Chemist: 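Here you go, one structure.
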Amino acid sequence: MNMTTKRSSKKKSSKPSQSAEKTSSSSSSSSVASSEAEKAAATRGAMAVDSSSFQLPRRLAHNDRRVRDKSIKLLRRWLASRQEMSLMEMLVVWKGLFYCFWMSDKVPVQQELAARIGKLVHYLPAQRAAGWVQAAFMTLNREWTGIDQLRMDKFMSLARQIAHHAFLYMHKSHWAEDVRREFLNVLQTGPVAVNKPARRGLLFHMCDVWAVELNRVLAPATQGAETPVLPSAQVVIDLLAPMLALVAQDREQMVCDRAVKAVFKYVLDDAEEFVRLEGDQEEPSLGFTRSIVKYIDEVTEYAFTIASGDVVAEGRRAPLYGSIHGRLAALREAVRANTAMDDDDDDDGEEEVVEKTTTTKKKTTSGKSKNNKRKRSQQSKKNKQQEQTNEEEEEEEVQETTSTAKRRR
């Protein structure tokens, strides 16, 4: 009996210890579970913040057009609210924008969407805007060979809009040096890079639209003014530098010919016509052409520096000296001749003005003298008439006095 009671007491005493161990283990497991839940919630929150960069591309590439349009609006606010944004995130977003534009149909819709996508760069600060344009051209460069012939025109319009708004961003920053250098570096290392073996179609298209879009950006209508506010000479030189580098350094003759024809021939033809008409040309969108005419001396010297430099590919000095520097020098002489003629006309005009003023002075003096003579003659006539009336009055008085005297007698 004693043995059984001891065993039962041992069993009873062991139960509360086991229950205590269970409670302690359950409390520790619950604390671990709560900490893990907090970590999971934190990671979910971080993923929710960053997942927009992965959800937006999916929504941008949605089959429904209404979803794509709403995603473009959300993308504007998302870009404006982002404090930091890596190049990888920009590439992910541009992947969605590429397929958003891929599924757009009909020309008016495509043009409107290309303009809306191009304007997205204005929602970014200066330190991220150049990276956004870089991601855009990296995406186009990667996908260019996969674009079929039916969709090529609309993607060329998208590339044009991206280039236009890149130039417009620089213009709105008043051509600040840091902003200008970042954007031009992106363009010169991307779509208009020298000796780039692939994606020549994008390069040729950029050559075609380079000067045209610069004229549009510097046009009076874009600036909201009657006359365009032209950039400085250094800005004009920096904008021409990537195209001159293609002519001077690229090994392919097709690239050299395309840059000469699409950029320099286009600009110099307009500049020569503008100088020939002495600035009275009706075409208003010639802002970049006016800038070249205004700083023709600096641009000509820069072209000569590039043509006579050491870093010139074989067979490239002929177009540099002939098609570019030669025409610039001729244009400089025409501009100088026009300024000399304007100075002569101003001198002749001043002489004519002096002659006219002297003749008018003579005429006025002669007229004044004639008027004085007339006044004098009129005054003398008035005086004679007054004298006559006075004499007549005196005679009448004398006659009256004599008549009264006779009556009295």
Side-chain angles (χ1 to χ4, degrees), residues 49-62 68 71-104 110 113-147 151-152 154-173 176 178-194 196-203 205-206 209-210 213 217 242:
V49 174
D50 294 334
S51 62
S52 58
S53 60
F54 297 99
Q55 289 176 3
L56 270 175
R58 295 173 184 174
R59 293 175 62 86
L60 288 169
H62 201 273
R68 296 197 301 268
S71 300
I72 293 285
K73 295 179 181 179
L74 289 173
L75 181 60
R76 295 175 187 171
R77 288 181 287 180
W78 185 76
L79 290 174
S81 64
R82 294 283 291 182
Q83 298 295 326
E84 293 181 358
M85 194 174 182
S86 63
L87 181 61
M88 183 59 65
E89 288 178 327
M90 293 181 185
L91 288 171
V92 170
V93 174
W94 265 106
K95 184 80 171 180
L97 286 171
F98 179 85
Y99 285 105
C100 176
F101 195 69
W102 179 282
M103 287 184 285
S104 62
Q110 294 166 1
L113 183 58
R116 291 173 66 187
I117 293 175
K119 291 177 183 177
L120 290 174
V121 69
H122 300 289
Y123 293 91
L124 291 165
Q127 60 268 20
R128 295 201 303 273
W132 178 259
V133 175
Q134 181 184 6
F137 282 114
M138 286 176 68
T139 303
L140 287 177
N141 191 33
R142 184 184 65 244
E143 305 289 343
W144 195 262
T145 55
I147 301 172
R151 291 184 174 89
M152 183 56 70
K154 70 176 184 179
F155 277 100
M156 290 170 72
S157 67
L158 178 60
R160 176 190 285 264
Q161 287 293 332
I162 295 169
H164 172 78
H165 287 284
F167 293 140
L168 187 60
Y169 196 98
M170 289 187 276
H171 173 65
K172 287 184 176 180
S173 68
D178 53 348
V179 177
R180 185 176 75 246
R181 294 295 169 85
E182 286 183 3
F183 272 92
L184 291 177
N185 185 37
V186 165
L187 294 173
Q188 200 164 3
T189 56
V192 293
V194 177
K196 196 171 184 179
R199 282 57 166 172
R200 287 302 187 189
L202 182 59
L203 171 61
H205 183 61
M206 289 298 295
V209 304
W210 190 272
E213 297 305 321
V217 168

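One is the number of the first residue; the rest follow in order along the sequence. What you are looking at is a predicted structure, and each value in this text was computed from that prediction instead of being measured.
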Chemist: Within this structure, what is the CG-CG distance for the pair Leu91 and Leu97, rounded to the nearest 0.5 Å?
Modeler: 11.5 Å
Chemist: Between atom CG of Leu168 and atom CD of Glu213, what is the distance when rounded to the nearest 0.5 Å?
Modeler: 10.0 Å
Chemist: Could you tell me which non-hydrogen atom of Val133 sits nearest to which non-hydrogen atom of Val121, and how far apart they are?
Modeler: CG2-CG2, 3.9 Å
Chemist: Roughly how far, to the nearest 0.5 Å, is CD of Gln134 from CG of Asn185?
Modeler: 8.5 Å
Chemist: Would a distance-only check, ignoring hydrogens and angles, find a side-chain to backbone donor-acceptor pair under 3.5 Å from Tyr123 to Ser81?
Modeler: no
Chemist: For Leu56 and Val92, run side-chain contact (heavy atoms from CB on, under 4.5 Å): C-alpha distance rounded to whole Å, both residues' side-chain angles, the deciding distance at 0.1 Å, then the answer.
Modeler: CA-CA 9 Å; Leu56 270 175; Val92 170; over 6 Å; no
Chemist: CD of Gln161 to CG of Leu113: how many Å apart, nearest 0.5 Å?
Modeler: 10.5 Å
Chemist: Quick one: sort the His122 and His165 rings into parallel, tilted or perpendicular, breaks at 30° and 60°.
Modeler: perpendicular
Chemist: Taking all non-hydrogen atoms of both residues, which atom of Met156 and which atom of His205 are closest, and how far apart?
Modeler: O-NE2, 2.7 Å
Chemist: After noting the C-alpha distance and the side-chain angles of Phe167 and Trp210, does the key distance pass the ring pair (Phe, Tyr, Trp, His ring centres under 6.0 Å) rule?
Modeler: CA-CA 9 Å; Phe167 293 140; Trp210 190 272; 5.2 Å; yes
Chemist: Would you say the side-chain atoms of Lys196 pair up with the backbone N or O of Leu203, donor to acceptor, closer than 3.5 Å?
Modeler: no
Chemist: Using atom types as modelled and distance alone, determine if a side-chain donor or acceptor of Lys154 lies under 3.5 Å from a backbone N or O of Ala114.
Modeler: no
Chemist: So, for Gln110 and Ser104, which heavy atoms are closest and what is the spacing to 0.1 Å?
Modeler: NE2-O, 3.2 Å
Chemist: Any idea which heavy atoms bring Leu87 and Gly131 closest together, and the distance?
Modeler: CD1-O, 4.0 Å
Chemist: Begin from the C-alpha positions of Met90 and Arg128 and carry the test side-chain contact (heavy atoms from CB on, under 4.5 Å) through to its verdict.
Modeler: CA-CA 10 Å; Met90 293 181 185; Arg128 295 201 303 273; 4.1 Å; yes
Chemist: Give me the atom names and distance for the closest heavy-atom approach of Glu182 to Ala126.
Modeler: OE1-O, 3.7 Å
Chemist: Working to the nearest 0.5 angstrom, can you tell me the gap between His164 NE2 and His171 NE2?
Modeler: 10.0 Å
Chemist: Taking C-beta and beyond as the side chain, do Arg76 and Leu120 meet within less than 4.5 Å on heavy atoms?
Modeler: yes
Chemist: With side chains defined as the heavy atoms from C-beta onward, is the minimum distance between Ile117 and Trp94 less than 4.5 Å?
Modeler: yes
Chemist: Does any part of the side chain of Pro191, heavy atoms only, come nearer than 4.5 Å to the side chain of Met206, both counted from C-beta?
Modeler: yes
Chemist: For residues Trp102 and Ile147, report the shortest heavy-atom separation together with the two atoms involved.
Modeler: CZ3-CA, 4.3 Å
Chemist: Is the backbone N or O of Leu60 less than 3.5 Å from a side-chain atom of Arg68, with the two atoms forming a donor-acceptor pair by type?
Modeler: no
Chemist: Assess the residue pair Leu79 and Trp132 against the criterion (side-chain contact (heavy atoms from CB on, under 4.5 Å)); give the C-alpha distance rounded to whole Å, side-chain angles, the decisive distance to 0.1 Å, and a yes or no.
Modeler: CA-CA 10 Å; Leu79 290 174; Trp132 178 259; 3.9 Å; yes
Chemist: Could you go through Phe101 and Ser157, starting from their C-alpha distance and side-chain angles, then the distance that decides it, and tell me whether this counts as side-chain contact (heavy atoms from CB on, under 4.5 Å)?
Modeler: CA-CA 11 Å; Phe101 195 69; Ser157 67; 4.1 Å; yes
Chemist: How many angstroms lie between atom CZ of Phe98 and atom OG1 of Thr139, to the nearest 0.5 angstrom?
Modeler: 8.5 Å
